[in-house]
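Beneath this line is the structure, given in structure tokens, with notes to follow.
Order of listing sets the numbers, starting from 1, for every ligand and every atom in it. Note that the numbering runs from 1 along the sequence shown for the chain.
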Amino acid sequence: MPTVAENIETIRARIAAAVLRAGRAPESVRLVAASKGQSPELLRQALACGQSLFGENYLQEARKKKEGLTDQPGARWHFIGHLQSNKARIAAELFDCIETVDNLRLAGALEKHLAALDKTMPVLVQVNIGREAQKAGVLPEEAGSLCRSLRQFPHLVVQGLMAMPPLCAEPEQSRPFFRRLRELAEGLAAEKILGGPGPLELSMGMSADFEVAVEEGATLVRVGTALFGARECVGC
Ligand SMILES: *Cc1c(COP(=O)(O)O)cnc(C)c1O
């Protein structure tokens, strides 16, 4: 079995090749190590390779991992799971970015706790790009009005959109969804509804389809099993 270091090297090379194919700048894509269900030891191995950005889905699990890695001040944490507004305080404390804001109530709860912490938080709006009944995220046509509403919250910096398209058998089948997310973001940016001083962020693509996502404009790819191997235990 390849080591985490070998996997990271391979993923970086695949991202670099996809970036090149798309004629994009290499530094325009960041790798988020989706580390739910992975042991702290594996996170340490990733950190040793300069992989310092992690995506976590569960608050308790993330807290435990952060506590075990206090000697690694360079680690950065994105929340990529489903967040209930009654857990906003913990999320506001623990994370450097929340990628899954999809309703006003959650945003309002985050704002309240961030204000108390005097902390400004980059966030992404999660879009249910495949219009799936069971999936989190705002519908594409509602993304603009949510982004507009989020402007009332001074401690939230809306940097872009995030999506998880329907599970597909082939990576190519994800492409239309990635493209749709990019076009949605570009449209909102053109109307000045989305985006600010920094680059417009698009978080899309996982182990099976991150290269297609990069070709379609992803700035954040969230890769779990291809980087760490199979998850040991999710949510513990
Ligand atoms: C688990 C997870 C990933 C990573 O999935 P892999 O298929 O293991 O790469 C990416 N994004 C989100 C939101 C996840 O929950």
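Shown here are the side-chain contact (heavy atoms from CB on, under 4.5 Å) partners of A34, two or more places apart in sequence or in another chain: I80.
Looking at D102 and K135, no side-chain N of the basic residue comes within less than 4.0 Å of a carboxylate O on the acidic one, giving no salt bridge.
Applying the salt bridge (charged side-chain N to carboxylate O under 4.0 Å, His left out) rule to pairs touching residues 16-30 yields R21-E215, R30-E201, sequence neighbours excluded. Pairs passing the ring pair (Phe, Tyr, Trp, His ring centres under 6.0 Å) check and including a residue from residues 90-118, sequence neighbours excluded, read F79-F95.
Within the cation-pi definition used here (under 6.0 Å to the ring centroid, within 45° of the axis), R180 qualifies as a partner of F177.
By the criterion of side-chain heavy atoms lying less than 4.5 angstrom apart, applied directly or through intervening Ile, Leu, Val, Met, Phe, Trp or Tyr residues, L146 is grouped together with F153 in one hydrophobic cluster.
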Give a table of atom pairs where an N or O of ligand 1 lies under 3.5 Å from a protein N or O.
| unit_1 | atom_1 | unit_2 | atom_2 | d |
| --- | --- | --- | --- | --- |
| ligand 1 | 8 (O) | T225 | N | 2.9 |
| ligand 1 | 8 (O) | T225 | OG1 | 3.1 |
| ligand 1 | 8 (O) | R231 | NH1 | 2.8 |
| ligand 1 | 8 (O) | R231 | NH2 | 3.3 |
| ligand 1 | 9 (O) | S207 | N | 3.0 |
| ligand 1 | 9 (O) | S207 | OG | 2.5 |
| ligand 1 | 9 (O) | G224 | N | 2.8 |
| ligand 1 | 11 (N) | R222 | NE | 2.8 |
| ligand 1 | 15 (O) | K36 | NZ | 2.8 |
| ligand 1 | 15 (O) | N57 | ND2 | 2.7 |

